[in-house]
Amino acid sequence: MDKWIGAVVAVVIVGVAAWLMLRSWKRRTVRDETMSAFPPPAQHGDPIVETEVLYIATTPVGRPLERLAVQGLAFRGAAHLEVLPEGVVIRIAGEPANFVPADRIVAAGAATYVIDRGVEPEGLIAITWIVQVHDPELVAPHVDSYFRARYPGDSARIIAAVGDIAAAPMAPRPEQESEASDD
């Protein structure tokens, strides 16, 4: 009889924990349902960098322990990352392709930890970008998307390539502006 009581208590505890996790995930998806990446462009230039990565998570900037359920970027998985002159294409296994336009990319850098992954110092790639919001009353937040490169040296190549396409265009020097207006 004592074994049955223990088994029932264990099943109830596991059931309550599962119910709480499901409820939490549903609330998160409702909270984040207005956010998404962009659809990939129909035509684009040749990839600057193309490699295999592990997509880990997308979080609000500065809060790497709070996962966002951004459409198409909610689940961790193997991914193919392409850095194009127009932006970054993220193809996660089992998800539609996602695109982050170059004009929405804020920065790229190295990171050490995120919601469910801790690695050696600077073992992750964090791309900071402005998410697409489908509610006109909301301000588009900045988010960090985290990746783990599969091959040595790819982290530095990805960070450099994303930094190059995210760089602001050079402002013309004052004498160039006056020469252009004189013509």
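Keep in mind that this is a model prediction, so the values were computed, not measured.
Interatomic distance, E120 CD to E122 CD, rounded to the nearest 0.5 Å: 9.5 Å. Atom OG1 in T59 sits 6.5 Å away from atom CG in L68 (nearest 0.5 Å). Rounded to the nearest 0.5 Å, atoms CD1 (I92) and NE2 (H80) are 13.0 Å apart. Between atom CD of residue E50 and atom CG of residue L84 there is a gap of 8.5 Å, rounded to the nearest 0.5 Å. Once rounded to the nearest 0.5 Å, the distance linking OG1 of T128 with NE2 of H142 reads 8.5 Å.
Closest approach of V61 and D144 over heavy atoms only: CA-OD2, 3.6 Å. Scanning all heavy atoms of the two residues, the minimum distance from I130 to A140 falls at CG2-CB, 3.6 Å. Considering every non-hydrogen atom in both V131 and R104, the closest pair reads O-NH2, 2.9 Å. When all heavy atoms of L73 and Y55 are compared, the pair lying nearest together is O-OH, 2.6 Å. Residues Q132 and P39 come closest through the heavy atom pair OE1-CD, 4.5 Å. Pairing each heavy atom of T58 with each of S145, the nearest pair is OG1-OG, 2.9 Å.
No continuous path of ILVMFWY side-chain contacts below 4.5 Å connects I125 to Y151, so the two sit in separate hydrophobic clusters. Residues V70 and I56 do not share a hydrophobic cluster, clusters being chains of Ile/Leu/Val/Met/Phe/Trp/Tyr side chains in contact below 4.5 Å. A single hydrophobic cluster is seen to contain both L20 and V12, as judged by linkage of ILVMFWY side chains at heavy-atom distances under 4.5 Å, directly or through other members. Two different hydrophobic clusters hold W129 and V114 under the rule that ILVMFWY side chains link at heavy-atom gaps under 4.5 Å. V83 and I90 end up in the same hydrophobic cluster when Ile, Leu, Val, Met, Phe, Trp and Tyr side chains are linked at under 4.5 Å.
In E52, the CD atom is crowded: over 12 heavy atoms of neighbouring residues, nucleotides or ligands sit closer than 6.0 Å. Within a 6.0 Å radius of CG in D46, no more than 12 heavy atoms belonging to other residues, nucleotides or ligands are found.
Considering only heavy atoms from C-beta on, V133 comes within 4.5 Å of P141 through its side chain. Between I158 and F147 the shortest side-chain heavy-atom distance does not fall below 4.5 Å. Here the side chains of F99 and V89 are in contact, with some heavy-atom distance below 4.5 Å. Side-chain contact between V100 and I127: absent, with no pair of heavy atoms (C-beta onward) separated by less than 4.5 Å. Residues I48 and D164 are not in side-chain contact: their nearest non-hydrogen atoms beyond the backbone lie 4.5 Å or more apart. Counting heavy atoms from C-beta outward, Y113 and L65 have side chains that approach closer than 4.5 Å.
Looking only at distances, no side-chain donor or acceptor of D154 sits under 3.5 Å from a matching main-chain atom of A149.
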Under the side-chain contact (heavy atoms from CB on, under 4.5 Å) criterion, do L54 and R76 qualify, and how do the steps go?
CA-CA 8 Å; L54 174 65; R76 176 180 166 170; 3.8 Å; yes
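Partner of V162 under the side-chain contact (heavy atoms from CB on, under 4.5 Å) criterion, out of V49, V106, L81, V88: V88 alone.
S36 and H134 form a side-chain donor-acceptor contact under 3.5 Å, judged by distance and modelled atom types alone.
Partners of Y146 under the ring-ring contact (aromatic ring centres under 6.0 Å, His included) rule, at least two apart in sequence or in another chain, do not exist in this structure.
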